[in-house]
Amino acid sequence: MKVLSVASEIAPLIKTGGLADVAGALPAALKAQGVEMRTLVPGYPAVLDALGEGRQVITDGDLYGGPAQVVFGKAAGLELYVLDAAHLFYREGGPYAAPDGYDWWDNAERFAALCWMGARLCAEGHLHGWKPDVLQAHDWQGGLAPVYLQRMGASHTTGSVMTIHNIAFTGSAGADMIHRLRLPMQGYNAGGYEFYGRISALKAGISYADKVNTVSPTYAKELTTEAFGMGFDGTLKYKGKDFTGILNGIDTDAWNPETDPNIATYKAPRAKTRAREALIAEMGLDPDGGPLCVVVSRLTEQKGLDLLLAALPRLIERGGQLALLGSGNPWLESQFFAAAGSHPGRVAVRIGYDEPLSHRIIAGGDAILVPSRFEPCGLTQLYGLRYGTVPVVAKTGGLADTVIPATVATLTAKVATGIQHAPDSVEALEDAIDTLCDLWADPKAYQQMQRNGMKFPVGWDTSAAAYAALFAEAAKHP
(Lines give C-alpha, C1' and ligand atoms only; values in the text may rest on other atoms or scores of the structure.)
Protein backbone atom coordinates (compact mmCIF):
# COMPACT_ATOMS: atom_id res chain seq x y z
CA MET A 1 0.00 0.00 0.00
CA LYS A 2 1.18 3.50 -0.85
CA VAL A 3 0.30 6.46 1.37
CA LEU A 4 1.00 10.13 0.74
CA SER A 5 1.29 12.14 3.95
CA VAL A 6 0.59 15.87 3.60
CA ALA A 7 2.23 17.69 6.49
CA SER A 8 3.28 21.26 7.22
CA GLU A 9 6.31 20.14 9.25
CA ILE A 10 8.37 17.01 9.69
CA ALA A 11 11.07 16.09 12.20
CA PRO A 12 14.00 16.38 12.15
CA LEU A 13 13.91 18.94 9.32
CA ILE A 14 11.32 21.44 10.56
CA LYS A 15 9.45 21.22 13.86
CA THR A 16 7.25 23.27 16.12
CA GLY A 17 5.41 20.47 17.92
CA GLY A 18 4.16 16.90 18.00
CA LEU A 19 2.81 16.94 14.44
CA ALA A 20 6.39 17.02 13.15
CA ASP A 21 7.40 14.09 15.35
CA VAL A 22 4.51 11.94 14.11
CA ALA A 23 5.04 12.87 10.45
CA GLY A 24 8.73 12.08 10.79
CA ALA A 25 8.31 8.77 12.63
CA LEU A 26 5.41 7.17 10.76
CA PRO A 27 7.17 6.33 7.46
CA ALA A 28 9.77 4.11 9.12
CA ALA A 29 7.23 2.64 11.56
CA LEU A 30 4.83 1.74 8.74
CA LYS A 31 7.47 0.11 6.57
CA ALA A 32 7.34 -3.00 8.75
CA GLN A 33 3.57 -3.08 8.14
CA GLY A 34 3.99 -3.21 4.37
CA VAL A 35 3.04 0.43 3.90
CA GLU A 36 5.19 2.69 1.73
CA MET A 37 4.75 6.26 2.90
CA ARG A 38 6.09 9.41 1.29
CA THR A 39 5.53 12.90 2.67
CA LEU A 40 4.70 16.17 0.92
CA VAL A 41 6.09 19.14 2.85
CA PRO A 42 6.52 22.86 2.11
CA GLY A 43 9.84 23.96 0.67
CA TYR A 44 11.01 25.99 3.62
CA PRO A 45 14.68 27.00 3.26
CA ALA A 46 15.78 24.42 5.86
CA VAL A 47 13.96 21.64 4.02
CA LEU A 48 15.37 22.58 0.61
CA ASP A 49 18.87 22.82 2.06
CA ALA A 50 18.55 19.32 3.50
CA LEU A 51 17.06 17.91 0.29
CA GLY A 52 19.80 19.09 -2.04
CA GLU A 53 19.25 17.79 -5.56
CA GLY A 54 15.85 16.33 -6.35
CA ARG A 55 13.76 15.19 -9.29
CA GLN A 56 11.04 17.51 -10.55
CA VAL A 57 7.69 15.70 -10.75
CA ILE A 58 5.06 18.45 -11.07
CA THR A 59 5.11 22.09 -12.11
CA ASP A 60 2.50 24.82 -11.80
CA GLY A 61 2.84 28.21 -13.45
CA ASP A 62 0.47 29.98 -11.08
CA LEU A 63 0.02 28.30 -7.72
CA TYR A 64 -1.76 30.81 -5.53
CA GLY A 65 0.20 33.76 -6.84
CA GLY A 66 3.41 32.41 -8.34
CA PRO A 67 5.23 29.56 -10.08
CA ALA A 68 5.92 26.34 -8.21
CA GLN A 69 7.27 22.85 -8.60
CA VAL A 70 7.21 19.64 -6.60
CA VAL A 71 10.59 17.97 -6.25
CA PHE A 72 11.13 14.40 -5.08
CA GLY A 73 14.19 13.40 -3.09
CA LYS A 74 15.51 12.05 0.20
CA ALA A 75 16.61 13.82 3.37
CA ALA A 76 17.21 12.55 6.91
CA GLY A 77 16.19 9.07 5.77
CA LEU A 78 12.78 10.30 4.57
CA GLU A 79 11.30 10.08 1.08
CA LEU A 80 9.95 13.55 0.44
CA TYR A 81 7.96 15.52 -2.08
CA VAL A 82 8.90 19.14 -1.47
CA LEU A 83 6.72 22.00 -2.68
CA ASP A 84 9.23 24.52 -3.97
CA ALA A 85 7.28 27.79 -4.15
CA ALA A 86 9.43 30.82 -3.38
CA HIS A 87 6.51 33.24 -3.07
CA LEU A 88 4.94 31.09 -0.36
CA PHE A 89 7.75 29.51 1.65
CA TYR A 90 11.08 31.32 1.14
CA ARG A 91 10.72 33.43 4.29
CA GLU A 92 12.44 34.13 7.55
CA GLY A 93 10.66 33.16 10.73
CA GLY A 94 8.78 29.98 11.55
CA PRO A 95 6.54 27.80 9.41
CA TYR A 96 3.44 29.80 10.31
CA ALA A 97 4.61 33.15 11.67
CA ALA A 98 6.93 36.02 10.79
CA PRO A 99 9.92 36.92 13.00
CA ASP A 100 7.71 39.39 14.89
CA GLY A 101 5.52 36.49 16.03
CA TYR A 102 2.45 37.36 13.97
CA ASP A 103 0.96 34.74 11.64
CA TRP A 104 1.70 35.17 7.97
CA TRP A 105 -1.15 37.07 6.31
CA ASP A 106 -1.51 34.46 3.57
CA ASN A 107 -1.37 31.23 5.60
CA ALA A 108 -4.70 30.09 4.17
CA GLU A 109 -3.29 30.23 0.64
CA ARG A 110 0.14 28.85 1.59
CA PHE A 111 -1.31 25.63 2.94
CA ALA A 112 -4.09 25.46 0.38
CA ALA A 113 -1.25 25.29 -2.13
CA LEU A 114 0.27 22.37 -0.22
CA CYS A 115 -3.08 20.58 -0.25
CA TRP A 116 -3.65 21.29 -3.95
CA MET A 117 -0.34 19.71 -4.88
CA GLY A 118 -1.05 16.78 -2.57
CA ALA A 119 -4.28 16.11 -4.42
CA ARG A 120 -2.49 16.44 -7.76
CA LEU A 121 0.11 13.89 -6.71
CA CYS A 122 -2.74 11.48 -6.02
CA ALA A 123 -4.69 12.30 -9.19
CA GLU A 124 -1.65 12.32 -11.49
CA GLY A 125 0.62 9.86 -9.73
CA HIS A 126 1.19 7.89 -12.92
CA LEU A 127 3.25 10.82 -14.25
CA HIS A 128 6.17 9.76 -12.05
CA GLY A 129 5.40 6.12 -11.38
CA TRP A 130 4.11 6.33 -7.81
CA LYS A 131 0.38 6.65 -7.23
CA PRO A 132 -0.91 6.77 -3.63
CA ASP A 133 -3.72 4.53 -2.48
CA VAL A 134 -4.43 6.83 0.46
CA LEU A 135 -3.77 10.48 1.31
CA GLN A 136 -3.19 11.34 4.97
CA ALA A 137 -3.83 14.99 5.85
CA HIS A 138 -2.32 16.36 9.06
CA ASP A 139 -4.26 19.06 10.95
CA TRP A 140 -5.79 22.12 9.30
CA GLN A 141 -2.74 22.69 7.14
CA GLY A 142 -3.62 19.50 5.25
CA GLY A 143 -7.38 19.81 5.66
CA LEU A 144 -8.27 21.01 2.17
CA ALA A 145 -6.57 18.07 0.47
CA PRO A 146 -9.62 15.74 0.72
CA VAL A 147 -11.77 18.51 -0.81
CA TYR A 148 -9.36 18.92 -3.71
CA LEU A 149 -9.24 15.14 -4.18
CA GLN A 150 -12.98 15.23 -4.77
CA ARG A 151 -12.76 18.28 -7.03
CA MET A 152 -10.11 16.55 -9.20
CA GLY A 153 -12.22 13.40 -9.46
CA ALA A 154 -9.64 11.34 -7.58
CA SER A 155 -11.62 10.61 -4.42
CA HIS A 156 -13.11 7.46 -5.97
CA THR A 157 -9.64 5.95 -6.46
CA THR A 158 -7.67 7.47 -3.58
CA GLY A 159 -8.87 7.15 0.01
CA SER A 160 -8.30 9.90 2.54
CA VAL A 161 -7.57 10.06 6.26
CA MET A 162 -7.70 13.26 8.30
CA THR A 163 -5.43 13.17 11.35
CA ILE A 164 -6.16 15.71 14.10
CA HIS A 165 -3.19 16.54 16.29
CA ASN A 166 -4.81 19.52 18.02
CA ILE A 167 -8.38 20.61 17.37
CA ALA A 168 -7.73 24.07 18.80
CA PHE A 169 -6.30 25.24 15.47
CA THR A 170 -9.09 25.47 12.91
CA GLY A 171 -7.48 26.97 9.81
CA SER A 172 -10.03 29.77 9.59
CA ALA A 173 -10.49 32.08 6.60
CA GLY A 174 -13.20 34.49 5.49
CA ALA A 175 -16.01 33.22 3.29
CA ASP A 176 -14.93 35.74 0.66
CA MET A 177 -11.95 33.46 -0.05
CA ILE A 178 -14.00 30.50 -1.31
CA HIS A 179 -13.08 31.05 -4.96
CA ARG A 180 -9.55 32.18 -4.14
CA LEU A 181 -8.97 28.90 -2.30
CA ARG A 182 -10.48 26.90 -5.22
CA LEU A 183 -13.25 25.49 -3.05
CA PRO A 184 -16.59 24.24 -4.39
CA MET A 185 -19.34 26.70 -3.52
CA GLN A 186 -21.76 23.86 -2.74
CA GLY A 187 -19.47 22.75 0.11
CA TYR A 188 -20.03 25.94 2.07
CA ASN A 189 -22.60 24.54 4.50
CA ALA A 190 -22.80 22.85 7.89
CA GLY A 191 -22.03 19.46 6.35
CA GLY A 192 -19.00 20.79 4.49
CA TYR A 193 -16.28 23.31 5.25
CA GLU A 194 -18.40 26.12 6.73
CA PHE A 195 -17.72 26.83 10.40
CA TYR A 196 -19.60 29.65 12.15
CA GLY A 197 -19.84 31.76 9.02
CA ARG A 198 -16.26 31.21 7.90
CA ILE A 199 -14.18 28.66 6.06
CA SER A 200 -12.42 26.10 8.26
CA ALA A 201 -9.74 23.96 6.67
CA LEU A 202 -9.95 21.58 9.64
CA LYS A 203 -13.72 21.23 9.21
CA ALA A 204 -13.14 20.56 5.51
CA GLY A 205 -10.80 17.71 6.29
CA ILE A 206 -13.14 16.19 8.86
CA SER A 207 -16.17 16.43 6.58
CA TYR A 208 -14.60 15.26 3.31
CA ALA A 209 -12.14 12.60 4.47
CA ASP A 210 -13.15 8.94 4.40
CA LYS A 211 -11.67 8.37 7.85
CA VAL A 212 -10.73 10.70 10.69
CA ASN A 213 -8.43 9.91 13.56
CA THR A 214 -6.77 11.70 16.41
CA VAL A 215 -3.74 10.89 18.48
CA SER A 216 -5.15 9.07 21.51
CA PRO A 217 -8.32 7.11 22.34
CA THR A 218 -9.25 9.33 25.28
CA TYR A 219 -8.82 12.52 23.24
CA ALA A 220 -11.08 11.01 20.58
CA LYS A 221 -13.80 10.50 23.18
CA GLU A 222 -13.25 13.99 24.58
CA LEU A 223 -13.61 15.60 21.15
CA THR A 224 -17.16 14.32 20.80
CA THR A 225 -18.16 16.36 23.86
CA GLU A 226 -19.06 20.02 23.97
CA ALA A 227 -16.44 20.67 26.65
CA PHE A 228 -13.52 19.59 24.47
CA GLY A 229 -14.83 19.57 20.89
CA MET A 230 -14.49 23.33 20.34
CA GLY A 231 -17.49 23.36 18.03
CA PHE A 232 -16.51 20.25 16.06
CA ASP A 233 -18.14 17.74 18.42
CA GLY A 234 -21.30 17.40 16.32
CA THR A 235 -19.37 16.81 13.10
CA LEU A 236 -17.14 14.24 14.78
CA LYS A 237 -20.12 12.44 16.31
CA TYR A 238 -21.63 12.28 12.82
CA LYS A 239 -18.52 10.46 11.56
CA GLY A 240 -19.41 7.62 13.92
CA LYS A 241 -17.11 4.61 13.56
CA ASP A 242 -15.11 6.51 10.95
CA PHE A 243 -13.58 8.57 13.79
CA THR A 244 -11.03 6.82 15.99
CA GLY A 245 -8.08 7.49 18.28
CA ILE A 246 -4.63 6.00 17.74
CA LEU A 247 -2.01 6.68 20.37
CA ASN A 248 1.24 8.32 19.29
CA GLY A 249 4.56 6.65 19.87
CA ILE A 250 8.09 8.04 20.04
CA ASP A 251 11.32 7.29 18.21
CA THR A 252 12.91 4.86 20.67
CA ASP A 253 16.26 5.07 18.88
CA ALA A 254 16.49 8.86 19.17
CA TRP A 255 15.16 8.69 22.73
CA ASN A 256 17.22 5.94 24.34
CA PRO A 257 18.95 6.60 27.67
CA GLU A 258 21.47 3.83 26.94
CA THR A 259 22.76 5.41 23.71
CA ASP A 260 21.68 9.08 23.74
CA PRO A 261 24.72 11.16 22.67
CA ASN A 262 23.34 14.22 24.47
CA ILE A 263 23.51 12.76 28.00
CA ALA A 264 25.53 10.75 30.48
CA THR A 265 23.97 7.44 29.45
CA TYR A 266 22.42 4.91 31.82
CA LYS A 267 20.42 1.68 31.85
CA ALA A 268 18.70 1.78 35.24
CA PRO A 269 17.17 4.45 37.53
CA ARG A 270 20.06 4.29 40.01
CA ALA A 271 22.45 5.21 37.21
CA LYS A 272 20.58 8.46 36.46
CA THR A 273 22.76 10.13 39.09
CA ARG A 274 25.38 11.38 36.61
CA ALA A 275 22.74 12.85 34.30
CA ARG A 276 21.05 14.49 37.29
CA GLU A 277 24.29 15.98 38.58
CA ALA A 278 25.19 17.26 35.12
CA LEU A 279 21.80 18.98 34.77
CA ILE A 280 22.04 20.58 38.21
CA ALA A 281 25.45 21.98 37.32
CA GLU A 282 24.35 23.19 33.86
CA MET A 283 21.22 24.90 35.16
CA GLY A 284 22.85 26.40 38.26
CA LEU A 285 20.65 24.57 40.76
CA ASP A 286 21.51 23.62 44.31
CA PRO A 287 22.99 20.11 44.56
CA ASP A 288 20.82 19.21 47.55
CA GLY A 289 17.06 19.12 47.77
CA GLY A 290 13.92 17.20 47.00
CA PRO A 291 12.76 15.93 43.60
CA LEU A 292 14.13 17.78 40.59
CA CYS A 293 11.05 18.47 38.45
CA VAL A 294 11.44 19.35 34.80
CA VAL A 295 9.27 20.90 32.10
CA VAL A 296 9.90 20.89 28.34
CA SER A 297 6.93 22.58 26.73
CA ARG A 298 5.35 25.37 24.82
CA LEU A 299 4.48 28.00 27.40
CA THR A 300 0.73 28.31 26.94
CA GLU A 301 -2.40 28.11 29.04
CA GLN A 302 -3.36 24.91 27.18
CA LYS A 303 -0.29 23.30 28.71
CA GLY A 304 -1.39 24.46 32.18
CA LEU A 305 1.82 26.38 32.83
CA ASP A 306 -0.09 29.16 34.59
CA LEU A 307 -1.32 26.48 37.00
CA LEU A 308 2.26 25.42 37.61
CA LEU A 309 3.22 29.01 38.41
CA ALA A 310 0.49 29.09 41.05
CA ALA A 311 1.55 25.72 42.48
CA LEU A 312 5.28 26.46 42.38
CA PRO A 313 5.41 27.70 46.00
CA ARG A 314 4.18 24.27 47.14
CA LEU A 315 7.01 22.56 45.24
CA ILE A 316 9.60 24.92 46.74
CA GLU A 317 8.09 24.50 50.21
CA ARG A 318 8.43 20.72 49.88
CA GLY A 319 12.10 21.05 48.94
CA GLY A 320 11.64 20.44 45.23
CA GLN A 321 13.33 22.17 42.31
CA LEU A 322 12.26 23.13 38.81
CA ALA A 323 14.20 23.20 35.53
CA LEU A 324 12.15 24.54 32.62
CA LEU A 325 12.81 24.76 28.88
CA GLY A 326 10.23 26.33 26.57
CA SER A 327 8.88 29.42 24.89
CA GLY A 328 5.52 30.90 24.02
CA ASN A 329 3.30 33.31 25.90
CA PRO A 330 5.45 36.36 26.78
CA TRP A 331 3.68 36.80 30.12
CA LEU A 332 4.41 33.21 31.11
CA GLU A 333 8.03 33.61 29.99
CA SER A 334 8.42 36.71 32.17
CA GLN A 335 6.74 35.09 35.16
CA PHE A 336 8.97 32.03 35.06
CA PHE A 337 12.00 34.29 34.76
CA ALA A 338 10.73 36.17 37.80
CA ALA A 339 10.29 32.88 39.68
CA ALA A 340 13.88 31.94 38.85
CA GLY A 341 15.01 35.31 40.18
CA SER A 342 13.02 34.88 43.38
CA HIS A 343 14.25 31.32 43.95
CA PRO A 344 17.91 31.14 42.86
CA GLY A 345 19.23 27.61 43.00
CA ARG A 346 15.67 26.25 43.16
CA VAL A 347 14.21 27.35 39.83
CA ALA A 348 16.09 27.55 36.51
CA VAL A 349 14.57 28.70 33.22
CA ARG A 350 15.76 28.54 29.64
CA ILE A 351 13.60 30.21 26.99
CA GLY A 352 13.70 28.85 23.46
CA TYR A 353 13.90 25.55 21.61
CA ASP A 354 17.01 23.42 22.14
CA GLU A 355 16.72 19.74 21.21
CA PRO A 356 19.97 18.53 22.87
CA LEU A 357 19.13 20.45 26.06
CA SER A 358 15.65 18.88 26.09
CA HIS A 359 17.32 15.45 26.21
CA ARG A 360 19.61 16.52 29.05
CA ILE A 361 16.72 18.00 31.02
CA ILE A 362 14.51 14.94 30.68
CA ALA A 363 17.38 12.58 31.47
CA GLY A 364 18.47 14.58 34.52
CA GLY A 365 15.04 15.15 36.03
CA ASP A 366 13.41 13.06 38.71
CA ALA A 367 9.91 13.94 37.52
CA ILE A 368 8.43 15.63 34.45
CA LEU A 369 5.41 17.89 34.94
CA VAL A 370 2.66 18.01 32.27
CA PRO A 371 -0.31 19.85 33.86
CA SER A 372 -2.21 20.39 30.58
CA ARG A 373 -5.81 21.55 30.50
CA PHE A 374 -6.20 19.30 27.46
CA GLU A 375 -3.62 17.18 25.68
CA PRO A 376 -4.31 15.27 22.45
CA CYS A 377 -1.52 12.81 23.15
CA GLY A 378 1.57 14.42 24.58
CA LEU A 379 5.09 13.23 23.93
CA THR A 380 7.14 14.57 26.82
CA GLN A 381 5.49 12.18 29.28
CA LEU A 382 6.54 9.34 26.95
CA TYR A 383 10.10 10.64 26.91
CA GLY A 384 9.89 10.80 30.71
CA LEU A 385 8.79 7.18 30.94
CA ARG A 386 11.59 6.10 28.63
CA TYR A 387 14.20 7.92 30.74
CA GLY A 388 12.89 6.94 34.18
CA THR A 389 11.68 10.48 34.83
CA VAL A 390 8.34 10.02 36.57
CA PRO A 391 5.45 11.79 34.78
CA VAL A 392 3.15 13.98 36.87
CA VAL A 393 0.27 14.62 34.47
CA ALA A 394 -3.27 15.90 34.21
CA LYS A 395 -5.83 13.17 33.65
CA THR A 396 -6.83 14.15 30.13
CA GLY A 397 -6.33 12.96 26.54
CA GLY A 398 -3.24 10.92 25.84
CA LEU A 399 -1.83 11.69 29.29
CA ALA A 400 -4.60 9.56 30.77
CA ASP A 401 -3.89 6.80 28.24
CA THR A 402 -0.14 6.54 28.83
CA VAL A 403 0.47 6.95 32.58
CA ILE A 404 -0.56 4.36 35.15
CA PRO A 405 -1.41 6.51 38.21
CA ALA A 406 0.09 5.81 41.61
CA THR A 407 -2.65 4.51 43.87
CA VAL A 408 -2.62 2.11 46.80
CA ALA A 409 -3.54 -0.70 44.40
CA THR A 410 -1.03 0.11 41.65
CA LEU A 411 1.79 0.75 44.11
CA THR A 412 1.05 -2.52 45.90
CA ALA A 413 0.96 -4.37 42.57
CA LYS A 414 4.18 -2.54 41.55
CA VAL A 415 2.74 -1.34 38.23
CA ALA A 416 2.43 2.44 38.76
CA THR A 417 4.42 4.60 36.35
CA GLY A 418 3.45 8.13 37.41
CA ILE A 419 1.00 10.48 39.08
CA GLN A 420 -2.26 11.84 37.67
CA HIS A 421 -4.31 14.81 38.82
CA ALA A 422 -7.46 16.57 37.71
CA PRO A 423 -6.87 19.11 34.93
CA ASP A 424 -7.42 22.86 35.28
CA SER A 425 -6.99 22.91 39.06
CA VAL A 426 -4.18 24.45 41.10
CA GLU A 427 -5.31 22.51 44.16
CA ALA A 428 -5.17 19.19 42.30
CA LEU A 429 -1.68 19.99 41.01
CA GLU A 430 -0.54 20.90 44.53
CA ASP A 431 -1.91 17.57 45.78
CA ALA A 432 0.01 15.79 43.01
CA ILE A 433 3.19 17.60 44.04
CA ASP A 434 2.62 16.44 47.62
CA THR A 435 2.16 12.86 46.38
CA LEU A 436 5.35 13.16 44.35
CA CYS A 437 7.35 14.41 47.32
CA ASP A 438 5.93 11.71 49.60
CA LEU A 439 6.89 9.00 47.10
CA TRP A 440 10.31 10.59 46.60
CA ALA A 441 10.91 10.16 50.31
CA ASP A 442 10.55 6.38 49.79
CA PRO A 443 13.45 5.55 47.41
CA LYS A 444 12.40 1.92 47.01
CA ALA A 445 8.87 2.80 45.87
CA TYR A 446 10.12 5.66 43.70
CA GLN A 447 12.70 3.57 41.88
CA GLN A 448 10.06 0.92 41.27
CA MET A 449 7.94 3.51 39.44
CA GLN A 450 10.99 4.57 37.45
CA ARG A 451 11.75 0.99 36.46
CA ASN A 452 8.12 0.43 35.47
CA GLY A 453 8.21 3.51 33.27
CA MET A 454 11.43 2.50 31.54
CA LYS A 455 9.85 -0.86 30.64
CA PHE A 456 6.55 0.68 29.45
CA PRO A 457 6.05 0.34 25.66
CA VAL A 458 6.30 3.83 24.16
CA GLY A 459 7.38 2.98 20.60
CA TRP A 460 5.40 2.85 17.38
CA ASP A 461 4.89 -0.91 16.91
CA THR A 462 1.29 -1.16 18.12
CA SER A 463 0.25 2.23 16.77
CA ALA A 464 1.82 1.59 13.36
CA ALA A 465 -0.26 -1.55 13.01
CA ALA A 466 -3.38 0.46 13.87
CA TYR A 467 -2.50 3.11 11.25
CA ALA A 468 -1.91 0.40 8.64
CA ALA A 469 -5.35 -1.03 9.38
CA LEU A 470 -6.92 2.43 9.17
CA PHE A 471 -5.29 3.11 5.80
CA ALA A 472 -6.48 -0.27 4.55
CA GLU A 473 -10.04 0.65 5.52
CA ALA A 474 -9.76 4.01 3.76
CA ALA A 475 -8.25 2.61 0.54
CA LYS A 476 -10.58 2.36 -2.44
CA HIS A 477 -10.27 -1.26 -3.50
CA PRO A 478 -11.49 -2.21 -6.98
Side-chain angles (χ1 to χ4, degrees), residues 1 3-10 17-27 29-30 33 35 37 39 115 118 132-147 149 155 158-171 200-225 228-230 232-250 374-379 382 396-402 459-476:
M1 183 184 297
V3 177
L4 176 68
S5 171
V6 178
S8 58
E9 52 187 271
I10 187 167
L19 188 162
D21 290 305
V22 175
L26 267 181
L30 286 166
Q33 302 293 328
V35 176
M37 174 175 275
T39 308
C115 294
D133 300 296
V134 176
L135 180 150
Q136 181 187 23
H138 293 272
D139 268 354
W140 74 264
Q141 296 92 338
L144 297 183
V147 184
L149 270 181
S155 59
T158 304
S160 56
V161 173
M162 179 72 204
T163 298
I164 303 169
H165 297 270
N166 191 333
I167 207 163
F169 303 104
T170 66
S200 167
L202 180 62
K203 175 82 176 297
I206 295 171
S207 299
Y208 281 77
D210 297 304
K211 301 286 182 178
V212 180
N213 80 289
T214 191
V215 290
S216 73
T218 293
Y219 191 55
K221 292 176 183 176
E222 289 174 344
L223 291 188
T224 60
T225 69
F228 287 89
M230 297 191 178
F232 295 95
D233 48 296
T235 303
L236 290 169
K237 282 181 184 176
Y238 183 76
K239 298 298 287 191
K241 293 182 179 180
D242 290 328
F243 175 47
T244 57
I246 300 175
L247 197 64
N248 281 345
I250 63 171
F374 67 93
E375 191 64 64
C377 178
L379 295 176
L382 301 180
T396 184
L399 303 176
D401 290 331
T402 54
W460 274 102
D461 291 349
T462 300
S463 298
Y467 268 108
L470 180 65
F471 293 145
E473 290 176 6
K476 305 299 175 69

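Hydrogens, waters and symmetry mates are skipped; everything else that's a heavy atom, side chains included, is used.
Annotation: side chain of M162 is in contact with side chain of L202 (closest heavy-atom distance under 4.5 Å). Inter-residue side-chain proximity for L26 and S5 is flagged as unmet; no heavy-atom pair is nearer than 4.5 Å. Under the 4.5 Å side-chain criterion, counting only non-hydrogen atoms from C-beta, V35 is not in contact with Y467. No side-chain heavy atom of D233 sits under 4.5 Å from any side-chain heavy atom of F228. In this structure the side chain of T235 reaches within 4.5 angstrom of the side chain of S207, judged on heavy atoms.
Put simply, the side chain of K239 gets close to the backbone of A209: a donor and an acceptor are under 3.5 Å apart. Not one N or O on the side chain of K211 forms a donor-acceptor pair closer than 3.5 Å with the backbone of F471. Judged purely by atom type and a 3.5 angstrom limit, S463 uses its side chain to pair as donor or acceptor with the backbone of L247. Distance alone, capped at 3.5 Å, places no donor-acceptor pair between the E9 side chain and the L19 backbone. No donor-acceptor pair closer than 3.5 Å links the side chain of T170 to the backbone N or O of S200. No donor-acceptor pair closer than 3.5 Å links the side chain of Q33 to the backbone N or O of A464. Without hydrogens or angle criteria, D139 side chain to Q141 main chain gives no donor-acceptor distance under 3.5 Å. In this structure, T218 contributes its side chain and G398 its backbone to no donor-acceptor pair below 3.5 Å. In this structure, W140 contributes its side chain and A201 its backbone to no donor-acceptor pair below 3.5 Å.
Under 3.5 Å, the side chains of T244 and N213 contain no donor-acceptor pair of N or O atoms. No side-chain N or O of Y219 forms a donor-acceptor pair with one of D401 less than 3.5 Å apart.
Taking both residues in full, the closest heavy atoms of C377 and N248 are given as SG-CB, 3.4 Å, listed atom of the first, atom of the second, then distance. Smallest separation of non-hydrogen atoms from A7 and H138: CB-CD2, 3.8 Å. Minimum heavy-atom separation, A23 to T39: O-OG1, 4.4 Å. Looking at every heavy atom in both residues, F243 comes nearest to A220 through CE2-O, 3.3 Å. When all heavy atoms are compared, the tightest approach of G142 to A137 is O-CB, 3.1 Å. The two residues L30 and M37 make their nearest non-hydrogen contact at CD1-CE, 3.5 Å.
Partner of E375 under the side chain to side chain contact (heavy atoms under 4.5 Å, CB included) criterion, chosen from L399, N166, V215: L399.
With rounding to the nearest 0.5 Å, the separation of CG in L470 from OG1 in T163 is 7.0 Å. For the atom pair CD1 (I10) and CG (D21), the distance works out to 10.5 Å, reported to the nearest 0.5 Å. The line from OG of S160 to NZ of K476 is 6.0 Å long, rounded to the nearest 0.5 Å.
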Under the criterion side-chain contact (heavy atoms from CB on, under 4.5 Å), I'd like the reasoning laid out for I167 against L236: C-alpha separation, chi angles, the key distance, then a yes or no.
CA-CA 11 Å; I167 207 163; L236 290 169; 3.8 Å; yes
Please lay out, stage by stage, how L223 and T214 fare under the test side-chain contact (heavy atoms from CB on, under 4.5 Å).
CA-CA 9 Å; L223 291 188; T214 191; 4.3 Å; yes
